[in-house]
Amino acid sequence: MPPAKPPAKLPATSPALSKVSLTVNGEARALELDTRTTLLDALREHLHLTGTKKGCDHGQCGACTVIVDGRRINSCLTLAVMHEGDSITTIEGLGTPDHLHPLQAAFVKHDGYQCGYCTPGQICSAVAVLDEIEAGIPSHASADLTARPQLTPAELRERMSGNICRCGAYSNIVDAITEIAGRPL
Amino acid sequence: MKSFTYERATSPAEAAAAARVQGAKFIAGGTNLLDLMKLQIEAPSHLIDVNGLALDKIEATPDGGLHIGALVRNTDLAADARVRRDYALLARALLAGASGQLRNKATTAGNLLQRTRCPYFYDTDQPCNKRKPGSGCAALGGISRQLAIVGVSDACLATHPSDMAVAMMVLDAVVETVRPDSAARHIPIADFYRLPGDTPHLETVLEPGELITAVTLPKPAGGKHIYRKVRDRASYAFALVSVGAIVQRDGTGRVALGGVAPKPWRVAAAEAEMPRGADAVAARLLADAKPTRENAFKLPLVERTLAAVLSEARG
């Protein structure tokens with residue numbers, strides 16, 4: 001393919017750039033980005049951490065779930081420049097092929113995926129879900145709002161509802177999380 | 001997404017003053033605004049990031065209520081021990097909405113200001129009076145199963161999507177704001193939303209550049225708190241119909257509906273009927289209903305959901 005020609009004219013409004021410094025998987029990173037860059041695109045396109053997946057890009061599927069300052073969020077629905085000073089954990093920061101995170105190992109053991117595209121988001125979400133239950137944060141499935149939430153399949157299914165799996169591995173995902181739930185990670 | 005400049009505000013007054021710039025918008029959680037910006041339904045030329053404003057505390061008020069900072073995340077509001085104990089309706093409504101990831105980002109003020117999920121508002125190839133005033137409403141005669149049955153006009157059938165706002169309506173919340181000229185005001189939530197009429201693009205009484213700083217709740221109302229949401233799947237879906245209610249031992253109480261109107265739907269005359277049962281309450285709430293062929297099922301669904309709530313309250 002011939003190299004792309006430069007555009008004849010620059011667009012009427014040039015992109016606005018902004019600097020942002022954040023910590024990704026324990027490493028300090030400084031970026032200068034088009035303000036429009038989502039955290040997801042910053043991770044994938046600028047830091048080349050492609051473990052985090054782009055599914056719907058509208059917060060509906062959960063494939064882009066990462067953990068920011070201990071909380072899971074949809075990285076597609078937040079701008080990178082809004083994360084100055086934040087600490088971000090992606091799937092690459094949870095485990096490696098040689099040292100799987102216990103949840104990664106449990107997903108393998110229980111066949112918690114088929115195509116695997118949603119899996120990084122599922123695992124980041126599940127890690128945070130177990131922390132949320134530990135912290136006593138209630139859910140729609142909690143019968144008693146003031147009691148400690150229980151580690152039941154109903155609780156896990158409700159809390160994981162923001163992560164869609166088109167292959168339909170849900171029951172195995174619940175099994176994988178259940179195996180790890182309550183263990184120190 | 002259209003290009004925009006970006007700044008981080010450090011005080012509410014500074015943020016409100018910065019909003020004088022043409023095309024400026026505040027961004028907090030961003031879960032709705034960025035969704036709409038990607039589709040160019042929203043196209044601000046300047047974003048004012050208000051996340052650094054330290055409006056993230058929940059504090060007791062001198063009269064026994066709660067002062068909830070505008071930036072308190074939905075997760076934190078639902079998990080607050082005082083909210084769980086004294087305003088369970090609010091915790092339940094929050095937990096019935098969105099997903100864990102979204103609740104971790106979404107703020108109290110942003111939740112109130114969510115735009116509708118009407119499919120024609122989202123489809124920029126279709127006319128929509130809310131998105132493009134005067135262009136028409138494709139939902140009239142279109143797919144309207146999810147849309148509103150009361151409070152609608154010939155210009156708009158959109159519903160307000162929030163669960164939290166239904167609870168705030170029942171709890172008589174007050175919205176606190178600051179305007180670009182630094183003037184603060186307190187707006188009872190009953191006066192906060194506008195009905196569409198022939199100006200459906202105007203959704204609240206907020207003025208351009210006016211920033212929500214907090215939502216306050218009066219002292220707890222006691223009673224049994226119930227939020228019942230009926231939807232197409234068990235989790236992570238908008239309401240077809242929802243009922244938020246506080247029911248006292250003598251059967252009196254307060255009630256509002258979600259999923260059926262352009263705003264959380266509360267009618268004083270309907271509450272007076274609560275001791276008489278769901279039929280009477282539903283009749284008053286839906287007295288002026290104008291359902292379409294596709295969403296007329298919401299009329300009996302409201303009555304049945306109300307009956308379930310009143311039965312649970314007695315139980």
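Letters A, B, ... are given to chains in the order of the sequence lines, protein chains preceding strands, and every chain is numbered from 1. Keep in mind that what you see is a predicted model, and the values were worked out from it rather than measured.
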### Query
Can we say A:Arg29 and A:Glu27 salt-bridge, meaning some charged N sits less than 4.0 Å from an Asp/Glu carboxylate O?
yes

### Query
B:Phe121 ring centre to B:Arg117 NZ or CZ under 6.0 Å, with the angle to the axis within 45°?
no

If you count heavy-atom pairs under 4.5 Å with chain B, which of [options] comes out on top?
| options | result |
| --- | --- |
| A:Leu17, A:Asp34, A:Asp57, A:Ile137 | A:Asp57 |
| A:Cys76, A:Ala128, A:Ala141, A:Ala135 | A:Cys76 |
| A:Thr38, A:Val68, A:Thr146, A:Val129 | A:Thr146 |
| A:Ser142, A:Pro138, A:Ala16 | A:Pro138 |
| A:Thr65, A:Thr78, A:Val81, A:Asn163 | A:Val81 |

Part of [X] within contact of chain A (heavy atom distance under 4.5 Å):
| X | answer |
| --- | --- |
| B:Ala78 | backbone |
| B:Arg233 | neither |
| B:Lys229 | neither |

Verify the distance criterion only: is there a donor paired with an acceptor across the side chains of [X] and [Y] at less than 3.5 Å?
| X | Y | value |
| --- | --- | --- |
| A:Gln150 | A:Thr152 | no |
| B:Gln114 | B:His160 | no |
| B:Thr107 | B:Asn74 | no |
| A:His110 | A:Asn172 | no |

Side chain, backbone, both or neither: which part of [X] has an atom under 4.5 Å from a heavy atom of chain B?
| X | value |
| --- | --- |
| A:Ala154 | neither |
| A:Ser18 | side chain |
| A:Asp144 | backbone |

### Message
Let's test your reading of the structure: which of B:Leu94, B:Asn32, B:Asp76 forms the most heavy-atom pairs below 4.5 Å with chain A?
### Response
B:Asp76

### Message
Heavy-atom pairs under 4.5 Å with chain A - which of B:Arg85, B:Met37, B:Arg8 has more of them than the others?
### Response
B:Arg8

#### Entry: Identified side-chain hydrogen bond (donor to acceptor under 3.5 Å, both in side chains) counterpart of B:Ser235 within the set A:Arg159, A:His140, A:Glu158
A:Glu158

Please list every donor-acceptor pair under 3.5 Å in which a side-chain atom of residues 43-54 of chain B meets a protein atom from a residue at least two apart or in another chain.
{"unit_1": "B:Ser45", "atom_1": "OG", "unit_2": "B:Gln22", "atom_2": "O", "d": "3.3"}
{"unit_1": "B:His46", "atom_1": "ND1", "unit_2": "B:Thr5", "atom_2": "O", "d": "3.4"}
{"unit_1": "B:His46", "atom_1": "ND1", "unit_2": "B:Thr5", "atom_2": "OG1", "d": "2.7"}
{"unit_1": "B:His46", "atom_1": "NE2", "unit_2": "B:Glu7", "atom_2": "OE2", "d": "2.7"}
{"unit_1": "B:Asp49", "atom_1": "OD1", "unit_2": "B:Asn51", "atom_2": "N", "d": "2.9"}
{"unit_1": "B:Asp49", "atom_1": "OD1", "unit_2": "B:Asn51", "atom_2": "ND2", "d": "2.8"}
{"unit_1": "B:Asp49", "atom_1": "OD2", "unit_2": "B:Tyr6", "atom_2": "OH", "d": "2.6"}
{"unit_1": "B:Asn51", "atom_1": "OD1", "unit_2": "B:Arg73", "atom_2": "NH2", "d": "2.7"}
{"unit_1": "B:Asn51", "atom_1": "ND2", "unit_2": "B:Ala28", "atom_2": "O", "d": "2.9"}

### Message
Let's go through B:Arg115 and B:Glu42 carefully: what are the C-alpha distance in whole Å and the side-chain angles of both, what is the deciding distance for salt bridge (charged side-chain N to carboxylate O under 4.0 Å, His left out) to 0.1 Å, and is it a yes or a no?
### Response
CA-CA 10 Å; B:Arg115 310 295 308 276; B:Glu42 296 273 12; 3.0 Å; yes

